[in-house]
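Everything below concerns the one structure shown next.
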Amino acid sequence: MYGLVDGNNFYVSCERVFQPRLDGRPVVVLSNNDGNVVSRSPEAKLLGIPMGAPFFQVRELLTRHQGQALSSNYPLYGDMSRRVMARLAEHAPAVEVYSIDEAFLDLDGLTTWCGPLDARARAIRRDVLDCTGIPTCVGLAPTKTLAKVANRLAKKYPELQGILRLDTEARRERALRALPAADVWGVGRQYAAKLQAQGLTTAWQLGQVGEGWARQHLGGVVGWRLIQELRGQPCQGLHPSEDGTLARQSISCSRSFGQRLTCFDDLWGAVSTYLSRAAEKLRAQHDQAHILTVFLSQDRYDTRVPPPYTRSVTLTLPAGPTADTLCLLAYARRLLEKLYVPGRRYVKAGVVLDGLEPPGRGQQLSLFAPAAPVTGRPAATPESDARARQLMRSLDALNRQFGRGTVRPAASVASPAPTGQPAAPWLGRAEHRSPAYTTRLEDLLIVQ
DNA sequence: TCTGGGGTCCTAGGACCC
DNA sequence: TCTGGGGTCCTAGGACCC
């Protein structure tokens with residue numbers, strides 16, 4: 001039996017823990033650059049503000065109803081997430097952290113140990129709320145997809161008090177008949193339109209389609225698995241998360257700029273900043289990468305710009321995998337030089353690290369590339385490698401202790417900006433940012 | 001004027017291997 | 001006339017998730 005625990009409008013809930021004045025008002029949290037709505041309080045949903053709406057389209061509506069918009073504060077949400085996951089780990093033998101605000105729990109065997117499942121679910125909700133202030137809903141079912149269904153309905157119908165268990169055939173059928181097919185996990189915009197065209201409107205009807213149709217129209221084997229899971233046949237196991245974090249198979253960092261950029265040095269400032277951050281994440285999960293991608297985007301809403309709006313270059317590192325920021329920077333600079341076209345107005349840049357593996361599997365050397373390919377430094381030796389690793393350890397330690405970006409590559413340091421301008425030309429807007437209540441000493445709340 | 005970021009999995013074709 | 005089977009890696013693209 002799976003449990004799916006999901007924070008209710010998570011980002012807004014995190015903000016409300018520290019700002020009770022937001023209770024009862026329409027509140028939204030915005031994406032980076034204050035671009036789109038990514039979390040809505042129930043009051044904001046009632047106003048009809050859709051998920052993902054561009055902020056400029058709903059700003060006036062929100063103001064009219066004494067609402068509040070907040071810039072996203074990921075240090076806060078990430079830390080609150082860690083606290084929630086730590087509580088969940090106390091309630092189940094295995095937990096899979098699925099996203100910042102939800103986790104699958106393995107509940108097999110707990111009925112005998114701890115009494116009825118509903119009581120367990122109630123205990124989990126109460127504990128998470130008491131310890132973190134975050135309200136949640138819990139779905140219980142024999143497959144992950146049905147657990148998502150249960151969770152969805154538990155959120156939708158307050159009379160369920162945040163919990164729905166789908167462990168009998170009758171309960172499964174009743175739940176699926178109550179859920180629109182478009183709300184099933186794995187059914188997005190494209191598939192929803194196809195289902196609609198076939199007259200399949202409920203999750204129950206979706207569960208009746210044949211294997212051939214599912215494979216042909218719902219993405220091959222993925223679609224067929226979805227149908228079987230709806231029927232109660234598990235196709236996906238639980239992937240337990242080590243120490244409450246998720247090891248990724250790729251790591252990326254990208255941002256929209258606060259303004260259009262045309263100058264190479266500004267773009268390099270942005271890319272070097274993002275790459276430093278990605279490399280930091282890479283080392284934090286104790287991996288090395290052997291594939292590096294850099295991309296630049298133009299404005300996809302500008303009708304004068306022909307597609308493709310995003311161009312990327314990918315490099316399989318000729319000297320094998322690395323987690324060294326300086327080494328990756330040298331490659332990234334060459335990739336950016338390849339991509340950059342003078343005169344183009346860029347709105348966004350990013351980097352992706354792929355081909356992740358733990359170090360020490362034996363270095364793959366290239367027959368042709370020199371050992372120190374682009375850094376301009378002498379060829380690597382075991383001693384210089386050890387020193388490079390030590391340098392990264394020191395870098396990470398300093399940035400952990402004194403704050404992100406305390407020590408960074410020179411390219412990421414912008415020249416002094418005129419007053420009123422952002423500190424770096426690539427920085428985005430964040431005009432409504434709340435304090436980092438739980439991760440910065442200066443931002444701690446003081447109780448009078 | 002203003003439109004996010006970070007992921008996953010699958011497919012399909014081509015080049016290449018034994 | 002008849003032209004294998006089982007792989008890997010790469011690239012690009014498409015769908016989905018939160």
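To find a chain, count down the sequence lines: A is the first, B the second, and so on, and within it residues start at 1.
- In terms of modelled atom types and a separation under 3.5 Å, the side chain of A:Arg125 and the main chain of A:Gln161 share a donor-acceptor contact.
- Checking C:dC17, B:dG5, B:dG7 against every side-chain atom of A:Lys281, the shortest atom distance belongs to B:dG7.
- Note on A:Arg189: only backbone sugar-phosphate atoms sit closer than 4.0 angstrom, heavy atoms only; bases stay farther off.
- Under 4.0 angstrom from either OP1 or OP2 of B:dG6 there lies no side-chain N or O belonging to A:Ser250.
- Look at A:Gln249 and you'll find a side-chain N or O under 4.0 angstrom from OP1 or OP2 of B:dC9.
- Remark: A:Arg400 does not engage A:Asp396 in a salt bridge, criterion side-chain N to carboxylate O under 4.0 Å.
- Out of B:dG7, C:dA15, B:dT3, the shortest distance to the side chain of A:Phe56 is found at B:dT3.
- Counting non-hydrogen atoms under 4.0 angstrom, A:Phe10 reaches nothing in the nucleic acid.
- Between B:dG7 and A:Ser252, a contact under 4.0 Å exists linking OP1 or OP2 to a side-chain N or O.
- Here A:Arg260 lies in heavy-atom contact (under 4.0 Å) with sugar-phosphate atoms only.
- A close approach under 4.0 Å does not occur between any side-chain nitrogen or oxygen of A:Thr316 and OP1 or OP2 of C:dC9.
- Using bins of under 30°, 30° to 60° and over 60° for the plane-to-plane angle, the ring pair A:Tyr77/A:Tyr11 lands in the parallel bin.
- Note on A:Ile100: nothing from the nucleic acid sits closer than 4.0 angstrom, heavy atoms only.
- Phosphate proximity of B:dC10 to A:Arg225: present, with a side-chain N or O under 4.0 Å from OP1 or OP2.
- Within the 4.0 Å cut-off from OP1 or OP2 of C:dC18, at least one side-chain nitrogen or oxygen of A:Lys148 is found.
- Side-chain N/O atoms of A:Ser256 include one lying less than 4.0 angstrom from OP1 or OP2 on B:dG5.
- For A:Thr314, the listed nucleotide lying nearest its side chain is C:dT11; candidates were C:dT11, B:dG7, C:dC18.
- With respect to the salt-bridge test (charged N to carboxylate O, under 4.0 angstrom), the residues A:Glu280 and A:Arg408 do not qualify.
- Here A:Phe55 lies out of heavy-atom contact (under 4.0 Å) with every strand.
- Look at A:Glu229 and A:Arg225 and you find no salt bridge, because none of the NZ, NE, NH1 or NH2 atoms lies under 4.0 Å from a carboxylate O.
- A:Val184 comes within 4.0 angstrom of sugar-phosphate atoms only, judged by non-hydrogen atoms across all strands, and of no base.
- Between the side chain of A:Lys144 and the main chain of A:Gly237, a donor-acceptor pair closer than 3.5 Å is present.
- Among the atoms of the strands shown, only primed sugar atoms or phosphate atoms (P, OP1, OP2) are found under 4.0 Å from some heavy atom of A:Asp101.
- Spacing of C1' atoms, B:dC17 relative to C:dG4, comes out at 15 Å, to the nearest Å.
- At the heavy-atom level, A:Gln57 lies nowhere under 4.0 Å from the strands shown.
- Following rounding to the nearest Å, A:Asn151 (CG) and C:dC18 (C1') show an atom-to-atom distance of 13 Å.
- For A:Lys348, no side-chain nitrogen or oxygen approaches OP1 or OP2 of B:dT3 to under 4.0 Å.
- For the pair A:Tyr301 and B:dT3, the ring geometry qualifies as stacking, because the centroid separation is below 5.5 Å while the planes lie within an angle under 30°.
- Listed for the A:Lys281 side chain is a donor-acceptor partner under 3.5 Å among the backbone atoms of A:Ser252.
- When heavy atoms are screened at a 4.0 angstrom cut-off, A:Lys194 is found touching no nucleic acid atom at all.
- The phosphate of B:dG4 has neither OP1 nor OP2 within less than 4.0 Å of any side-chain N or O from A:Arg429.
- Neither OP1 nor OP2 of C:dA12 sits under 4.0 Å from any side-chain N or O of A:Arg311.
- Between A:Asp299 atom CG and B:dT1 atom C1' there is a gap of 11 Å when expressed in whole angstrom units.
- Here A:Val352 lies out of heavy-atom contact (under 4.0 Å) with every strand.
- As rounded to whole Å, 10 Å separates atom P of C:dT11 from atom CG of A:Asp354.
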